[in-house]
Amino acid sequence: MSKPPFNRVSFAPAAVDVTSLREGGYLLRSPQPLQPYSRCIGEWLEHWARESPDRTMLAERAADGQWRRVSYAQALAAARAIGQALLERGLSLERPVVVLSDNGVDHALLALGAMHVGVPVSPISAAYSLVSKDYAKLKYILELLTPGLVFAQDGAKFGAALRAVDLRGAEVVVSANPPEGLAATSFDELLATAPGQAVDDAYRGIGHDSVAKILFTSGSTGLPKGVINTQRMLCSNQQAIAQLWPFLSEKPPVIVDWLPWSHTFGANHNFNMILRHGGTMHVDAGKPAPGLIEQTVANLREISPTIYFNVPRGYDMLLPFLEQDDALRSNFFHRLDLMFYAAAALPQNLWERLEEISIRARGERVTMVSAWGSTETAPLVTSVHFAIERAGVIGLPAPGVTIKMLPNAGKLELRVKGPNVTPGYFKSEELTRAAFDEDGFYCIGDAGRFADDNEPAAGIEFDGRIAEDFKLTSGTWVHVGGLRVNAVAAGAPVIQDCVVTGHDRDEVGLLVFPNPAGCRALCPDASPDAPLSVLIARPEVKARLRDALAQLAREGTGSSTYPRRALIMEEPPSIDANEITDKGYINQRAVLVRRAALLARLYGREHDPDVVTLAGR
């Protein structure tokens with residue numbers, strides 16, 4: 001039975017120029033040249049403040065539950081006032097602005113004001129202040145940046161973190177609730193500053209090489225790295241997106257978005273896309289976590305997005321609500337042009353469930369796409385700008401970008417060059433030198449392959465992280481990325497995520513992070529307050545995991561392609577130990593190092609009742 005057609009979306013033609021390299025591998029480029037792009041993102045703000053001054057740019061829930069809305073004209077006026085206040089304080093690259101709190105209107109206005117006058121802004125993951133117990137990453141970042149101003153929306157909420165770090169004389173600014181024991185300036189004081197000629201002079205002095213932001217990587221292999229983001233990177237990337245997705249210019253996009261502005265996906269991709277095209281962003285205070293996903297659902301009951309962005313874990317948590325609630329599903333899909341996922345691989349079962357509910361809502365498949373890039377590439381390197389039938393395709397090179405595909409450990413390693421690539425890491429020449437090859441290509445560490453070897457224009461498929469792959473004692477490579485995605489799909493609803501094991505061992509295994517709700521659903525007779533330790537020990541949960549191992553074995557093509565054993569872990573991944581980012585991406589290496597004792601149990605010779613194996617032990 002054939003599937004319904006996709007909805008109509010205006011895309012650029014799918015095409016790629018491929019050049020074979022003498023030493024093996026390829027160079028890939030878009031045949032579409034990159035068109036001229038803006039000098040700075042402030043030009044977008046000024047344009048829309050002139051063309052559509054009353055259109056809502058930003059909206060967020062106020063304390064009374066109503067939407068607080070800021071128009072483009074209001075956003076520009078606020079940015080100019082804030083810019084003047086920052087100039088008067090002598091802020092600069094040596095004394096930048098740091099933002100500790102989550103997404104919000106005041107956060108956005110402060111960032112726009114800073115960048116409007118050439119003061120770099122550095123939004124820091126709120127988890128480093130609110131989830132971390134030792135504040136080690138926050139302390140390191142502030143020491144590296146030496147900020148002149150540190151902002152927190154709610155001063156009391158961030159008070160413990162602010163008191164735990166050395167502010168080095170930085171001014172603390174809050175929107176509400178000054179932190180106990182610390183002097184703080186009201187955000188309203190910045191807004192009340194009268195802009196003068198200094199703002200206009202500073203704005204005209206911004207060029208493509210001006211530093212707009214310093215964004216920090218998740219620190220998956222150590223302490224976070226400060227990635228320099230220039231105006232060239234941000235503006236060229238949005239120009240490339242506009243050329244690949246011409247539908248963005250047909251009507252202003254409307255989004256409901258939670259993705260953190262401390263990461264390039266939420267900030268440089270989503271926020272900048274709205275600003276570039278005069279759209280409207282509804283700041284979603286929800287997150288893909290129990291107790292917070294309900295806020296996302298409430299927002300989506302009210303606002304119909306034209307594009308929806310999320311990470312795979314976000315879709316996983318949203319799907320049950322969409323499947324069970326007709327009114328929510330109808331409103332969500334009412335004017336949706338596109339569903340987009342990135343930051344991690346999407347299991348195929350989630351793809352199919354999203355297709356199914358879009359058909360139920362619309363009678364057609366809402367186009368689902370992805371892209372690929374990193375903090376160092378602002379972020380987009382490849383984009384899907386054509387209809388695809390399954391998860392895993394990351395698209396084709398964006399205009400202006402060159403991708404080098406080089407043979408490496410049985411895969412094709414991807415390296416990147418283009419105007420969207422960072423000039424380097426803040427105050428770290430050594431890290432910068434190590435990040436680029438002899439031809440000036442950024443070594444991103446990922447691998448890719450052609451979705452169709454006979455038709456490169458069918459796109460590139462993500463083929464995992466080069467550094468995560470390993471060999472069994474047989475000398476056979478285990479390709480972690482694809483195996484992990486298959487395991488998560490096969491292990492639903494037990495497996496929330498997992499780490500693939502087996503380096504220098506005889507067989508592949510899994511350390512499993514369980515899905516509490518899924519485990520509870522398999523045990524309907526369990527007490528409502530039964531702890532996770534009880535649920536993961538239940539025979540129903542272990543039987544489901546064993547069935548998943550059996551399914552993977554049937555589908556596998558050799559010992560390196562499926563796990564033979566698994567152990568469910570009670571402790572969730574730790575952000576302090578670099579085991580997880582606040583977007584939900586699991587750091588394979590950090591988990592294996594920190595949980596060496598569990599790894600030893602997984603492969604122990606003695607019988608362990610908690611280890612599930614294909615043999616049924």
Side-chain angles (χ1 to χ4, degrees), residues 312 316 344-352 390-393 409-411 446-449 451 461-515 518-519 522 536 539-569 585-589 591-592 595 598-605 607-617:
D316 188 24
L346 183 77
Q348 184 61 25
N349 69 316
L350 294 186
W351 175 282
E352 292 169 357
R390 56 186 169 81
V393 178
K411 292 188 175 185
D446 292 341
R449 58 175 178 257
E461 289 183 341
F462 182 70
D463 201 19
R465 296 279 297 166
I466 294 289
E468 288 183 346
D469 291 348
F470 58 83
K471 286 184 179 181
L472 298 173
T473 53
S474 63
T476 307
W477 280 102
V478 176
H479 298 310
V480 169
L483 200 158
R484 175 196 152 273
V485 171
N486 293 340
V488 171
V494 169
I495 300 179
Q496 179 76 63
D497 214 325
C498 63
V499 168
V500 179
T501 70
H503 175 66
D504 285 343
R505 297 183 184 270
D506 295 336
E507 59 189 39
V508 178
L510 299 176
L511 290 176
V512 173
F513 290 109
N515 182 330
C519 293
L522 292 175
I536 63 177
E540 301 95 325
V541 172
K542 292 182 177 180
R544 179 68 195 89
L545 185 56
R546 188 173 294 113
D547 289 345
L549 296 181
Q551 176 185 332
L552 293 167
R554 290 192 300 270
E555 296 171 351
T557 56
S559 61
S560 67
T561 62
Y562 63 90
R564 296 187 59 86
R565 59 185 62 230
L567 176 63
I568 306 177
M569 301 179 289
Y585 183 79
I586 298 294
N587 177 2
Q588 171 105 356
R589 185 187 308 175
V591 173
L592 292 173
R595 305 187 186 225
L598 291 177
L599 185 63
R601 280 183 61 192
L602 180 63
Y603 288 94
R605 294 183 179 181
H607 173 69
D608 188 324
D610 292 328
V611 175
V612 175
T613 69
L614 272 175
R617 189 170 79 183

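This structure is a prediction, so every number in the text was calculated from the model and none was measured. What you see below is based on every heavy atom in this structure, not just the backbone, and it leaves out hydrogens, waters and symmetry mates. Residue indices begin at 1 and follow the sequence shown.
Of the inter-residue distances, the one linking Asp469 atom CG with His503 atom NE2 reads 12.0 Å to the nearest 0.5 angstrom. Once rounded to the nearest 0.5 Å, the distance linking CZ of Arg565 with CG of Leu510 reads 11.0 Å. Note that CG of Asn587 and CG of Leu592 are 9.0 Å apart. Values are rounded to the nearest 0.5 Å. Rounded to the nearest 0.5 Å, atoms CG (Leu522) and CD (Glu540) are 7.5 Å apart. In this structure, CE in Met569 is found 7.0 Å from CG in Leu598, a value given to the nearest 0.5 Å. Note that the CG atom of Asn515 and the CD1 atom of Ile568 stand 11.0 Å from one another [nearest 0.5 Å].
The two residues Ala487 and Leu552 have their closest heavy-atom pair at CA-CD1, 3.9 Å. Counting all heavy atoms, side chain and backbone alike, Ala548 lies closest to Gly491 at CB-CA, 3.7 Å. Minimum heavy-atom separation, Pro609 to Lys542: O-NZ, 2.7 Å. Listed here is the closest heavy atom pair of Leu350 and Pro312: CD1-O, 3.8 Å. Taking both residues in full, the closest heavy atoms of Thr561 and Gly556 are given as OG1-CA, 3.3 Å, listed atom of the first, atom of the second, then distance. Minimum heavy-atom separation, Gly502 to Leu472: O-CD2, 3.4 Å.
Tyr603 contributes a side-chain N or O that, together with a main-chain N or O of Gly509, makes up a donor-acceptor pair within less than 3.5 Å. Checking side-chain atoms of Glu507 against main-chain N and O of Ser559 turns up no donor-acceptor pair under 3.5 Å. Not a single donor-acceptor pair under 3.5 Å links the side chain of Gln348 to the backbone N or O of Arg390. Within the 3.5 Å criterion, the main-chain N or O of Gly482 finds a donor-acceptor partner in the side chain of Asn486. Without hydrogens or angle criteria, Arg544 side chain to Ala492 main chain gives a donor-acceptor distance under 3.5 Å. Between the side chain of Thr473 and the backbone N or O of Arg505, at least one donor-acceptor pair lies under 3.5 Å.
A side chain to side chain contact (heavy atoms under 4.5 Å, CB included) with Glu468 is found for one member of Gln588, Arg484, His479, Arg589 and no other, namely Gln588. The residue from Asp497, Val494, Val512 that alone fulfils the side chain to side chain contact (heavy atoms under 4.5 Å, CB included) condition with Val488 is Asp497.
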Is there a side-chain contact (heavy atoms from CB on, under 4.5 Å) between Arg449 and Lys411 once you walk through the steps?
-> CA-CA 8 Å; Arg449 58 175 178 257; Lys411 292 188 175 185; over 6 Å; no
In sequence, state the C-alpha distance, the side-chain angles, and the governing distance for Leu567 and Asp610, and then conclude on side-chain contact (heavy atoms from CB on, under 4.5 Å).
-> CA-CA 6 Å; Leu567 176 63; Asp610 292 328; 3.7 Å; yes
